[in-house]
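One structure is given here, and the rest of the page talks about it.
Here is the naming used below: chain letters follow the sequence lines, and residue numbers restart at 1 for every chain. Here the structure is a predicted model, which is why all the values come from computation and not from measurement.
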2 protein chains.
Amino acid sequence: MNDHTIINDKTIDRRQKILEILYLQSQVKVNDLSKIFNVSEVTIRNDLSQLEAKRMLIKTRGGALKSTNVGLDPNLEIKKNQNLKEKQLIGIAASKLINDGDTIILDSGTTTVEVAKNLQRFNDLTIITNALNIVNELIQYPNFKVIIPGGILRRKSLSLIGHSAETTLRNYYCDKIIMGIDGIDVKYGITTPNIEEANLNKTMIEISRELIVVADSSKFGRRSLAFISKIDRIKTLVTDKKISDIDLKKLKEAGVHVIVV
Amino acid sequence: MNDHTIINDKTIDRRQKILEILYLQSQVKVNDLSKIFNVSEVTIRNDLSQLEAKRMLIKTRGGALKSTNVGLDPNLEIKKNQNLKEKQLIGIAASKLINDGDTIILDSGTTTVEVAKNLQRFNDLTIITNALNIVNELIQYPNFKVIIPGGILRRKSLSLIGHSAETTLRNYYCDKIIMGIDGIDVKYGITTPNIEEANLNKTMIEISRELIVVADSSKFGRRSLAFISKIDRIKTLVTDKKISDIDLKKLKEAGVHVIVV
DNA sequence: ATATTAAAACGTAAATATTCATAAATTATT
DNA sequence: AATAATTTATGAATATTTACGTTTTAATAT
């Protein structure tokens, strides 16, 4: 496959790269890796054994395959980017639903970050967000008014939650809310794993005229702990083309405008 | 680890340079650094351990990698920062004024960031801050309760200001506020260039039992636009040894406890 | 189909090299 | 003199390669 060698004497770094290659190509071979990193095959086997012991891959004869339960390991940055391309397309499409002058809420989440990255064309937006990684993106737009309701830091989602956040939010009324969610089920509605986050989301929806949901197709059929809203409250849903025909049909029946990218 | 470690100039310089090299090259090796700085590998390993404890890098066998910082803007750390060495020493000294269990306000500013970097030894702190770069540091301490009053983003200081911030703040009462300022004059008091920021600072002082000011010596004799407080409200001031004897004398006469690093 | 066989991949162990953690001794620094 | 910072020294842990015998695979002959 690839002849040229990467010079690298860092064991940990090599193992990280092995994982990256594995995630790009779904499988790796011992002899390939040996050539790529310019180390003996025994070393590569040793690497694969170590990684297998940490359940980050499954060894096979001649190489290794992706682990099935990698999703359980929160440290894997790689997984975060798995549907990145879909999320980027969704982000671009969702940004087109915004008009200059709008007041919008940008909810926390990796998909909504992609929306925040695509706001260059606007001159005048007021954006309310409780997610610090969204704020980080918004800093680049010098003219936007950025309002952070505040609250108690939730590290896992880098968002601010709690009673005071909800109280502050009720002082505002918005044109649109763009919300990322953890699960969407055409029957049960949209859900998220954290109860407090769900409460905040409910408040956000209440103070917004229009609910836009961004969700890649992997979120469909998934049902998380905390309920946020029924499907028919959604005005527009932006997702990718891997959505099933059945889901698509049911969404349209519920009056949801679906944009597929 | 020692709670009362005082770090000298050379060490701080070397560690800062290690970080700079790390950010330029994405990885550093123990043996390279040992040659570059002409110190033993044990010293370098010690440096890397200290920096890892502050979540500024990740140690690997043979060296270190960039921290997979989940925070907001890791590259800003290396940004040019005047009097950095003094501020680092002030930050370490000021952190010793905090007790486990305290509720404190950490104001925005480059010196207060240095305080936030030195809170490893605490198990239980509640920290109220309106500065996003401070929050960025606080993310690393999993047990601290971090409260952000919220407000409108002021990009220049990465802080949140406005009426709602002040309203929310008045719900709290704190043991200590650690405040960074722009100017301090023994006659006129402490000042800052932004009026809204000054208003917020006044509120912060009102809800705090104890005012601690951190200010490197370059701030003395400087008078900014907006007044924050008189000198005698300050309980403790932490500054560096370039402070003049006259200033030092007058501060002590006003009842301010001065810590010189 | 079944047996045979060569190539590929494997595991294991021994030898070597690196890197590490630790503690005691030494050298600044205050 | 006391505290920090650093170095030296040492044994432990980890990483890597080479070597060698075994197992698996897959192609070929029976």
Residues, nucleotides or ligands: over 12 heavy atoms within 6.0 Å of B:Lys250 NZ: no
Sequence neighbours excluded - ring pair (Phe, Tyr, Trp, His ring centres under 6.0 Å) pairs with any residue from residues 209-261 of chain B: none
If we fit an axis to the first five pairs and another to the last five of the helix from C:dA1-D:dT30 to C:dT30-D:dA1, what angle do they make, to the nearest 10°? 30°
Pair A:Arg154 + A:Glu197, salt bridge at N-O below 4.0 Å: yes
Options D:dT6, C:dC20, D:dT17, nucleotide nearest the side-chain atoms of A:Val42: D:dT17
Within the 4.0 Å heavy-atom criterion, would you say B:Thr60 contacts the bases, only the backbone, or no part of the nucleic acid? sugar-phosphate
Phosphate oxygens OP1/OP2 of D:dT6: is one of them under 4.0 Å from a side-chain N or O of B:Thr11? yes
Can you find a donor-acceptor N/O pair under 3.5 angstrom joining the side chain of B:Arg61 to the base of C:dT18? yes
Consider the side chain of B:Arg14, meaning its heavy atoms from C-beta on, and name the nucleotide among D:dT6, D:dT16, C:dT19 that approaches it most closely. D:dT6
So, is B:Lys10 close to the C:dT29 phosphate, meaning a side-chain N or O under 4.0 Å from OP1 or OP2? yes
Would you classify A:Lys59 as touching base, sugar-phosphate or nothing, given that sugar-phosphate means primed atoms plus P, OP1 and OP2, and contacts are heavy atoms under 4.0 Å? sugar-phosphate
Does D:dA15 have OP1 or OP2 sitting under 4.0 Å from an N or O in the side chain of A:Thr43? no
